[in-house]
Amino acid sequence: MALIILVIAAVVIGYFLARSKYSDSIDETTEKVSSTTRSWADSASGWVNTKVLRRKSAEPFQEWAAGTGAEYLPDDFKEWLGDLSDEKATDFTRALDEYATSLGYSLTDLVEGDYDGKPALMQVFVEAIVIYSQEYRKAREVQQAEADKEEAAPADDEAYASADDKKPAEKSTSRRKRGESETSESTA
(Lines give C-alpha, C1' and ligand atoms only; values in the text may rest on other atoms or scores of the structure.)
Protein backbone atom coordinates (compact mmCIF):
# COMPACT_ATOMS: atom_id res chain seq x y z
CA MET A 1 0.00 0.00 0.00
CA ALA A 2 2.84 2.34 0.88
CA LEU A 3 4.36 1.73 -2.56
CA ILE A 4 1.15 2.81 -4.28
CA ILE A 5 1.02 6.00 -2.22
CA LEU A 6 4.67 6.68 -3.07
CA VAL A 7 4.02 6.25 -6.80
CA ILE A 8 0.98 8.52 -6.69
CA ALA A 9 2.99 11.17 -4.80
CA ALA A 10 5.79 11.00 -7.42
CA VAL A 11 3.25 11.46 -10.23
CA VAL A 12 1.63 14.45 -8.51
CA ILE A 13 5.02 16.08 -7.81
CA GLY A 14 6.06 15.48 -11.41
CA TYR A 15 2.87 17.08 -12.65
CA PHE A 16 3.35 20.21 -10.54
CA LEU A 17 7.02 20.49 -11.56
CA ALA A 18 6.01 20.23 -15.20
CA ARG A 19 3.59 23.14 -14.71
CA SER A 20 5.90 25.25 -12.56
CA LYS A 21 8.68 27.71 -13.35
CA TYR A 22 11.20 24.84 -13.46
CA SER A 23 9.55 23.21 -16.46
CA ASP A 24 11.51 25.26 -19.03
CA SER A 25 14.89 24.30 -17.60
CA ILE A 26 13.80 20.66 -17.35
CA ASP A 27 12.71 20.71 -21.00
CA GLU A 28 16.04 22.23 -22.07
CA THR A 29 18.00 19.65 -20.12
CA THR A 30 15.90 16.86 -21.57
CA GLU A 31 16.50 18.16 -25.09
CA LYS A 32 20.26 18.35 -24.51
CA VAL A 33 20.37 14.81 -23.19
CA SER A 34 18.29 13.42 -26.06
CA SER A 35 20.34 15.24 -28.73
CA THR A 36 23.59 14.01 -27.18
CA THR A 37 22.22 10.49 -27.08
CA ARG A 38 21.13 10.73 -30.72
CA SER A 39 24.56 11.97 -31.83
CA TRP A 40 26.31 9.16 -29.95
CA ALA A 41 23.96 6.61 -31.49
CA ASP A 42 24.57 8.03 -34.97
CA SER A 43 28.33 7.93 -34.56
CA ALA A 44 28.16 4.40 -33.15
CA SER A 45 26.02 3.21 -36.05
CA GLY A 46 28.44 4.83 -38.50
CA TRP A 47 31.34 3.02 -36.84
CA VAL A 48 29.45 -0.28 -36.90
CA ASN A 49 28.64 0.15 -40.59
CA THR A 50 32.24 0.91 -41.57
CA LYS A 51 34.12 -1.44 -39.25
CA VAL A 52 31.84 -4.36 -38.49
CA LEU A 53 29.35 -4.78 -41.29
CA ARG A 54 31.60 -3.48 -44.05
CA ARG A 55 30.36 -2.84 -47.53
CA LYS A 56 28.29 -5.62 -48.92
CA SER A 57 28.85 -4.98 -52.60
CA ALA A 58 31.96 -5.30 -54.71
CA GLU A 59 31.31 -2.09 -56.61
CA PRO A 60 33.68 0.21 -54.67
CA PHE A 61 36.60 -2.20 -55.07
CA GLN A 62 35.81 -2.85 -58.73
CA GLU A 63 35.62 0.88 -59.38
CA TRP A 64 38.95 1.40 -57.61
CA ALA A 65 40.57 -1.43 -59.58
CA ALA A 66 39.31 0.01 -62.87
CA GLY A 67 40.08 3.61 -61.92
CA THR A 68 42.76 4.87 -59.56
CA GLY A 69 44.07 1.42 -58.66
CA ALA A 70 44.49 0.31 -62.28
CA GLU A 71 48.12 1.42 -62.38
CA TYR A 72 48.99 -0.87 -59.47
CA LEU A 73 47.25 -4.02 -60.68
CA PRO A 74 48.24 -6.41 -63.49
CA ASP A 75 46.05 -6.58 -66.59
CA ASP A 76 45.01 -10.21 -66.09
CA PHE A 77 43.69 -9.39 -62.61
CA LYS A 78 41.68 -6.42 -63.88
CA GLU A 79 40.29 -8.52 -66.74
CA TRP A 80 39.37 -11.39 -64.42
CA LEU A 81 37.73 -9.05 -61.90
CA GLY A 82 35.78 -7.29 -64.64
CA ASP A 83 34.48 -10.62 -66.02
CA LEU A 84 33.06 -11.79 -62.68
CA SER A 85 29.32 -11.73 -62.14
CA ASP A 86 28.00 -9.45 -59.41
CA GLU A 87 27.52 -12.36 -57.02
CA LYS A 88 30.98 -13.82 -57.61
CA ALA A 89 32.61 -10.38 -57.40
CA THR A 90 30.86 -9.75 -54.09
CA ASP A 91 32.01 -13.16 -52.76
CA PHE A 92 35.57 -12.42 -53.84
CA THR A 93 35.51 -8.94 -52.31
CA ARG A 94 34.19 -10.27 -48.99
CA ALA A 95 36.86 -12.97 -48.90
CA LEU A 96 39.54 -10.45 -49.88
CA ASP A 97 38.35 -8.06 -47.17
CA GLU A 98 38.61 -10.81 -44.53
CA TYR A 99 42.09 -11.70 -45.79
CA ALA A 100 43.19 -8.05 -45.79
CA THR A 101 41.87 -7.60 -42.25
CA SER A 102 43.85 -10.63 -41.11
CA LEU A 103 46.97 -8.92 -42.50
CA GLY A 104 46.17 -5.67 -40.73
CA TYR A 105 45.00 -3.81 -43.84
CA SER A 106 41.60 -2.39 -44.72
CA LEU A 107 40.07 -2.74 -48.15
CA THR A 108 37.83 0.22 -47.39
CA ASP A 109 40.88 2.36 -46.60
CA LEU A 110 42.47 1.27 -49.87
CA VAL A 111 39.39 2.21 -51.89
CA GLU A 112 39.05 5.54 -50.08
CA GLY A 113 42.69 6.43 -50.84
CA ASP A 114 44.15 6.25 -47.34
CA TYR A 115 47.18 4.33 -48.66
CA ASP A 116 47.90 6.78 -51.52
CA GLY A 117 50.42 8.72 -49.43
CA LYS A 118 52.12 5.52 -48.24
CA PRO A 119 53.71 3.91 -51.32
CA ALA A 120 55.45 1.09 -49.43
CA LEU A 121 52.22 -0.02 -47.73
CA MET A 122 50.32 0.36 -51.00
CA GLN A 123 52.82 -1.84 -52.87
CA VAL A 124 52.77 -4.60 -50.26
CA PHE A 125 48.98 -4.51 -49.99
CA VAL A 126 48.47 -4.65 -53.77
CA GLU A 127 50.95 -7.54 -54.07
CA ALA A 128 49.03 -9.37 -51.36
CA ILE A 129 45.79 -8.75 -53.26
CA VAL A 130 47.26 -10.10 -56.51
CA ILE A 131 48.70 -13.21 -54.83
CA TYR A 132 45.49 -13.82 -52.92
CA SER A 133 43.41 -13.48 -56.08
CA GLN A 134 45.53 -16.10 -57.87
CA GLU A 135 45.08 -18.58 -55.02
CA TYR A 136 41.39 -17.71 -54.75
CA ARG A 137 40.93 -18.51 -58.46
CA LYS A 138 42.76 -21.84 -58.11
CA ALA A 139 40.69 -22.80 -55.08
CA ARG A 140 37.42 -21.95 -56.86
CA GLU A 141 38.46 -23.94 -59.94
CA VAL A 142 39.26 -27.00 -57.80
CA GLN A 143 35.99 -26.64 -55.90
CA GLN A 144 34.08 -26.39 -59.18
CA ALA A 145 35.87 -29.47 -60.57
CA GLU A 146 35.00 -31.44 -57.42
CA ALA A 147 31.38 -30.32 -57.63
CA ASP A 148 31.25 -31.43 -61.27
CA LYS A 149 32.67 -34.85 -60.30
CA GLU A 150 30.10 -35.25 -57.54
CA GLU A 151 27.28 -34.42 -59.94
CA ALA A 152 28.57 -36.99 -62.43
CA ALA A 153 29.11 -39.69 -59.77
CA PRO A 154 25.44 -40.31 -58.84
CA ALA A 155 24.56 -40.87 -62.49
CA ASP A 156 27.30 -43.52 -62.77
CA ASP A 157 26.17 -45.20 -59.52
CA GLU A 158 22.61 -45.51 -60.83
CA ALA A 159 23.84 -47.20 -64.02
CA TYR A 160 25.84 -49.76 -62.03
CA ALA A 161 23.05 -50.34 -59.53
CA SER A 162 20.56 -51.35 -62.21
CA ALA A 163 23.07 -53.80 -63.73
CA ASP A 164 23.59 -55.63 -60.44
CA ASP A 165 20.62 -57.80 -59.58
CA LYS A 166 21.36 -58.60 -55.97
CA LYS A 167 19.12 -60.84 -53.95
CA PRO A 168 17.91 -59.46 -50.66
CA ALA A 169 19.33 -61.06 -47.55
CA GLU A 170 17.30 -63.90 -46.06
CA LYS A 171 15.96 -63.67 -42.57
CA SER A 172 17.47 -65.99 -40.06
CA THR A 173 15.61 -67.43 -37.17
CA SER A 174 15.91 -65.62 -33.92
CA ARG A 175 18.46 -66.82 -31.39
CA ARG A 176 15.88 -66.44 -28.76
CA LYS A 177 13.56 -68.91 -30.45
CA ARG A 178 16.44 -71.32 -31.03
CA GLY A 179 17.41 -71.04 -27.38
CA GLU A 180 13.83 -71.74 -26.28
CA SER A 181 13.49 -74.81 -28.50
CA GLU A 182 16.83 -76.22 -27.23
CA THR A 183 15.80 -75.79 -23.60
CA SER A 184 12.44 -77.40 -24.19
CA GLU A 185 14.14 -80.41 -25.86
CA SER A 186 16.62 -80.77 -23.01
CA THR A 187 13.84 -80.82 -20.41
CA ALA A 188 11.94 -83.47 -22.28
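By convention here, the first residue in the shown sequence is residue 1. As the structure is a prediction and not an experimental result, all values here were calculated from the model.
- If you take CG on Leu6 and CE on Met1, they are separated by 12.5 Å, rounding to the nearest 0.5 Å.
- In this structure, CZ in Arg38 is found 5.5 Å from CD in Glu31, a value given to the nearest 0.5 Å.
- To the nearest 0.5 Å, the span separating CD on Glu59 from OG1 on Thr93 amounts to 10.0 Å.
- Atom OH of residue Tyr99 and atom OH of residue Tyr136 lie 14.5 Å apart, to the nearest 0.5 angstrom.
- By the ring pair (Phe, Tyr, Trp, His ring centres under 6.0 Å) test, Tyr72 is found to be paired with no residue, residues two or more places apart in sequence or in another chain being considered.
- Nearest heavy atoms, Ala65 versus Leu81: CB-CD2, 3.7 Å.
- For the pair Asp91 and Lys88, the salt-bridge criterion is not met [side-chain N within less than 4.0 Å of a carboxylate O].
- A parallel orientation is assigned to the rings of Phe61 and Trp64, their planes being inclined by less than 30° (bins at 30° and 60°).
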Considering only distance and modelled atom types, tabulate donor-acceptor pairs under 3.5 Å from the side chains of residues 119-131, sequence neighbours left out.
from   : atom 1 : to     : atom 2 : distance (Å)
Gln123 : NE2    : Glu127 : OE2    : 3.2

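- Both Ile4 and Tyr15 belong to a common hydrophobic cluster when Ile, Leu, Val, Met, Phe, Trp and Tyr are linked at side-chain heavy-atom distances under 4.5 angstrom.
- For Glu135, the salt bridge (charged side-chain N to carboxylate O under 4.0 Å, His left out) partners are Lys138, not counting sequence neighbours.
- Once rounded to the nearest 0.5 Å, the distance linking CG of Leu110 with CG of Asp97 reads 10.5 Å.
- Between the CG atom of Leu96 and the CG atom of Leu107 there is a distance of 5.0 Å, given to the nearest 0.5 Å.
- The closest side-chain donor-acceptor pair between Arg140 and Gln143 falls under 3.5 angstrom.
- When all heavy atoms of Ala70 and Lys78 are compared, the pair lying nearest together is O-NZ, 3.1 Å.
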